[in-house]
K.L.:
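First the structure, then my questions, so here it is.
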2 protein chains.
Amino acid sequence: MKQETKPGQRSSFAFDVSRCLVCGARNLNMCGSLEKDELESLTKIVRCETFGAGEALFREGDSSAWVFNVTDGAIRLSNMLGNGKRQVVGFLFPGDFLGFTGADEYKVTAEAVRGAKVCRFARSELTRLRHQLPQLEHRLFEMAESDLVAAQEHITILGQKSATEKMVAFLLMLSRKSAARGGVDNPVHLPMTREDIADFLGLAFETVSRCLTKLEDQKLITIESTRVIRLNDFAALEDYCEEA
Amino acid sequence: MKQETKPGQRSSFAFDVSRCLVCGARNLNMCGSLEKDELESLTKIVRCETFGAGEALFREGDSSAWVFNVTDGAIRLSNMLGNGKRQVVGFLFPGDFLGFTGADEYKVTAEAVRGAKVCRFARSELTRLRHQLPQLEHRLFEMAESDLVAAQEHITILGQKSATEKMVAFLLMLSRKSAARGGVDNPVHLPMTREDIADFLGLAFETVSRCLTKLEDQKLITIESTRVIRLNDFAALEDYCEEA
DNA sequence: GGCGTGATTTGACACTGGTCAATCCCACCC
DNA sequence: GGGTGGGATTGACCAGTGTCAAATCACGCC
C-alpha cells in the first residue's frame, strides 16, 4: 500500500480488496451490492482520502469528474447566495454517496464538517463499471432516489414547520440516520455547529440555540454537552414535529 | 386504438409508435433517448390517460407500481402534514417523469393541477426495459439527478429567501421551464392557484398575492390576468432574487 | 495551567410575514 | 342579466423570528 501526498497535504492511497471487506460503510454504500470479485474492479479505481475540518472536496462550479463514498465523519453540502447567506442542503454520513448531479459541474459545495474519510472515484471509471455491473447501477439509482425523497422531506420541514418543530425534526432525523448505519439512536451526536444546523433549517443560529434550551426546559431533551443531545421521549418528540 | 373506461371515468387507451413519434414531449422525456424500433418496446407497455383538475394519480402511501410521463398540463406533488398544512414539493410539466421513489410506496401525493395527460407504465415493465436499453437507463438516471438538483434549489429558496425573493425565483423558474420545453419565456402562465404557489414557497396565500402586487407596483412585472404574469425586466428580477 | 479565539447562550427589540376579516373579481350557470 | 361560489386582493393586527449586542463557555495552544 503505497502512500502519497497530494496537493493540500492530503493523504491519498490505493489499497486492495481486503480493505474493502472490512470497511464499516460497505453494507451501507454502493459497494454493498457487489460480491468480492466484483468489488475488486471497484478497488482498482479508488483512492482513500482524509479531509480536515472545513476542507472542501469540491466547490460549486467545480468539474464533477470526481465522485466519493463517505466512509467516516460527516460532509456538509451547501449553496452560497450572493448576499453571503448559505443554505446547507444536506449532511452526508458514512455509507452515503457523494456525486449526484445531472451536469458537468457541481451546483453545490461539499466540505468536511469536522474531519472525514472518503473513497474517491473518477466518474468516468465508475460509469464504465456501472455498465458492467447491473447490481451497481441499480444500487446507485436507488440511492439517488432515496436522496430525492430525503430532499422532499427537507423541503417540507423548511416550508411548513415552526422553528422548534424544525429542530425536533432535525434531531429525530440524525437519530434515525445513526441507527440506520448501525450506531445508537440515542443520544444524538452533532458533529456540526449551531450555525450549520441553522443554515440547514433556514433559521438564525441564535434561534437554534433558543429552541434547544426550550426543549430542554420542557424535559423533551437533555443537552448532555454542546454536541451530545439525549432524546428523553421519542413518542412526544414525534408528535411535536408531526402535529403541532 | 381501442378505448376503455377505467375506475373514475378516466379515458385510457393504448396506441402504436406512430403516436409517440409526434408526441410533443418526446424529446424532453425519457423516450427521447430511444430510436424508433426501441420506442416500440415502450409503446407496448404504455397507456395514455387524462386526469381532471384536482384528480390524484396516486396518494401518499399508495403502491409505487405505476409510473408516468407527463405529456400535457401540470402535476402537483405534495406532502400533507398532520395539522392540515400542505407542502407542495414540486410541479411537473410535459416531459417530466413521475415515479422516482426509493420504496414500494409513494411518499408524496400527485394530483393534476387543472387537467393533465400522462403516459402510464407498470414500474416492473419499465425496470425490465431499462435492463435491455442502456440509453433508457442512462436517461432516467440523469432525470433523477436533475430532480435532485432542482430539489436542492427549492431547499435554498425556502431556507434563505424573503417572501418577495421567493416569488421572483418562482416566476423565473416557471419562465425557464417553459422555455426549456419549447414554450415562450414571457409572459409566464400560472396553471396553479395562489394557494398552490404559497404551499410551494412556504408562504400564506395572502402573502403571495401581496408580493405580486408589490412587484407590479415596482414595475418589475405586469399582472396581465390572474394567471398570466409578464416579466418586464429579467436582469432586474435575477438581481432581485440573487442578491437582496 | 493560563490565555485567546471562536462557538454558544441569553437578552432586548424590530420587523417580516401569518392570521383573521372584509371586499372584490370573475367564471360559470340558470 | 342576475345570481352564486371559489379564488384573489386588501387591510389591520400581532406572533414568531431575525438582528444586534453582551456575556459566557469550551477548546486548542503555548
Side-chain angles (χ1 to χ4, degrees), chain A residues 52-54 76 81 83-88 113-115 157-171 189-217 221-229 240-241 244, chain B residues 52-54 76 81 83-88 113-115 157-171 189-217 221-229 240-241 244:
Chain A
R76 176 179 62 229
L81 279 75
N83 52 10
K85 288 183 182 176
R86 181 186 69 157
Q87 177 65 41
V88 173
V113 172
R114 288 177 74 72
I157 289 170
L158 287 173
Q160 302 302 328
K161 292 191 194 284
S162 72
T164 316
E165 289 162 20
K166 285 177 177 179
M167 200 58 237
V168 171
F170 180 72
L171 292 171
H189 184 249
L190 310 173
M192 67 291 287
T193 65
R194 300 289 187 263
E195 188 168 16
D196 286 335
I197 300 172
D199 289 350
F200 180 84
L201 294 175
L203 299 171
F205 68 87
E206 296 95 328
T207 304
V208 168
S209 182
R210 269 187 265 268
C211 288
L212 285 171
T213 305
K214 180 176 142 195
L215 287 167
E216 183 165 47
D217 289 349
I221 65 171
T222 304
I223 304 173
E224 300 194 338
S225 79
T226 301
R227 292 214 155 78
V228 181
I229 310 284
Y240 197 109
C241 81
Chain B
R76 177 179 61 230
L81 280 76
N83 52 9
K85 289 184 182 175
R86 182 186 68 158
Q87 177 65 41
V88 174
V113 173
R114 288 176 73 73
I157 289 170
L158 287 173
Q160 302 301 329
K161 291 189 193 288
S162 71
T164 316
E165 289 162 21
K166 285 177 177 179
M167 199 59 235
V168 171
F170 180 72
L171 292 171
H189 185 249
L190 310 173
M192 68 290 287
T193 64
R194 300 289 188 262
E195 188 168 16
D196 287 336
I197 300 172
D199 289 349
F200 180 84
L201 295 176
L203 300 171
F205 68 88
E206 295 96 327
T207 304
V208 168
S209 184
R210 270 187 264 267
C211 289
L212 285 171
T213 305
K214 180 175 144 196
L215 288 167
E216 183 164 48
D217 289 348
I221 65 172
T222 305
I223 303 173
E224 301 194 337
S225 79
T226 300
R227 293 214 154 76
V228 181
I229 310 284
Y240 197 109
C241 80

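The figures that follow rest on heavy atoms only: side chains count, while hydrogens, waters and symmetry mates do not. By convention in this document, chain letters (A, B, ...) are assigned in the order of the sequence lines, proteins followed by strands, and residues within each chain are numbered from 1.
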K.L.:
Roughly how far, to the nearest 0.5 Å, is NZ of B/Lys166 from OG1 of B/Thr207?
P.N.:
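Answer for the OG1-NZ pair, B/Thr207 versus B/Lys166, is 9.5 Å.
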
K.L.:
Taking B/Gly202's backbone N and O only, do any of them form a donor-acceptor pair with A/Gln160's side chain (distance below 3.5 Å, no angle check)?
P.N.:
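No; zero donor-acceptor contacts below 3.5 Å.
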
K.L.:
Rounded to whole angstrom units, what separation is found between the CD atom of A/Glu165 and the P atom of C/dG18?
P.N.:
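Interatomic distance, CD of A/Glu165 to P of C/dG18: 14 Å.
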
K.L.:
May I ask you to decide whether B/Asp196 forms a salt bridge with B/Arg86, counting only side-chain N to carboxylate O separations under 4.0 Å?
P.N.:
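Answer for the salt bridge query: yes.
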
K.L.:
Could you check how far NZ of B/Lys161 sits from C1' of D/dG18, rounded to whole Å?
P.N.:
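After rounding, the gap between these two atoms is 18 Å.
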
K.L.:
Is any side-chain heavy atom of B/Leu171 closer than 4.5 Å to a side-chain heavy atom of B/Leu190?
P.N.:
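Side-chain contact under 4.5 Å: yes.
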
K.L.:
Measure CD/A/Glu195 against P/C/dG6 and give the value in whole Å, please.
P.N.:
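To the nearest whole Å, that distance equals 13 Å.
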
K.L.:
It should be established whether A/Thr213 places a side-chain nitrogen or oxygen under 4.0 Å from OP1 or OP2 of nucleotide C/dT10.
P.N.:
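For A/Thr213, the contact criterion (side-chain N or O under 4.0 Å from OP1 or OP2 of C/dT10) is met.
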
K.L.:
Quick one: what's the B/S/- string for nucleotides 22-30 of chain D, heavy-atom cutoff under 4.0 Å, read 5' to 3'?
P.N.:
---------

K.L.:
CG of B/Asp199 versus C1' of D/dA8: gap in Å, rounded?
P.N.:
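B/Asp199 atom CG is separated from D/dA8 atom C1' by 15 Å.
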
K.L.:
Output the rounded distance in Å from CD (B/Glu216) to C1' (D/dT10).
P.N.:
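So the CD-C1' distance, B/Glu216 to D/dT10, works out to 14 Å.
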
K.L.:
Provide, to the nearest angstrom, the distance between the CD1 atom belonging to B/Ile197 and the C1' atom belonging to D/dA8.
P.N.:
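From B/Ile197 CD1 to D/dA8 C1': 11 Å.
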
K.L.:
Just wondering, do A/Lys161 and B/Leu81 contact through their side chains at under 4.5 Å, heavy atoms?
P.N.:
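They are in contact (side-chain heavy atoms under 4.5 Å apart), so the answer is yes.
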
K.L.:
Keeping B/Glu216 on the side-chain end and B/Ile223 on the backbone end, is there a donor-acceptor pair under 3.5 Å?
P.N.:
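Present.
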
K.L.:
For DNA chain C, find the residues of residues 202-212 of chain B with a heavy-atom distance under 4.0 Å and give them by number; none if there aren't any.
P.N.:
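Nucleic-acid contacts, sorted: B/Gly202, B/Leu203, B/Ala204, B/Glu206, B/Thr207, B/Arg210.
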
K.L.:
Is B/Ser209 reaching over with its side chain to a backbone N or O of B/Phe205, donor-acceptor style, under 3.5 angstrom?
P.N.:
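It does not hold such a pair.
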
K.L.:
What contact category does A/Ser225 fall into here, base, sugar-phosphate, or nothing, at under 4.0 angstrom with non-hydrogen atoms?
P.N.:
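A/Ser225: no heavy atom of the nucleic acid under 4.0 Å.
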
K.L.:
Counting distance only, does the side-chain N/O of A/Arg227 pair as donor-acceptor with the main-chain N or O of A/His189 below 3.5 Å?
P.N.:
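No, because the side chain of A/Arg227 does not come within donor-acceptor range (under 3.5 Å) of the backbone of A/His189.
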
K.L.:
Could you check how far CZ of B/Arg194 sits from P of D/dT10, rounded to whole Å?
P.N.:
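Distance, rounded to whole Å: 11 Å.
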
K.L.:
Would you kindly give the NZ-to-C1' distance between B/Lys214 and D/dT10, to the nearest whole Å?
P.N.:
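About 15 Å, once rounded to whole Å.
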
K.L.:
Do side-chain atoms of A/Arg194 reach the backbone of A/Thr226 as a donor and acceptor pair under 3.5 angstrom?
P.N.:
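Judged by distance alone, yes, a pair lies under 3.5 Å.
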
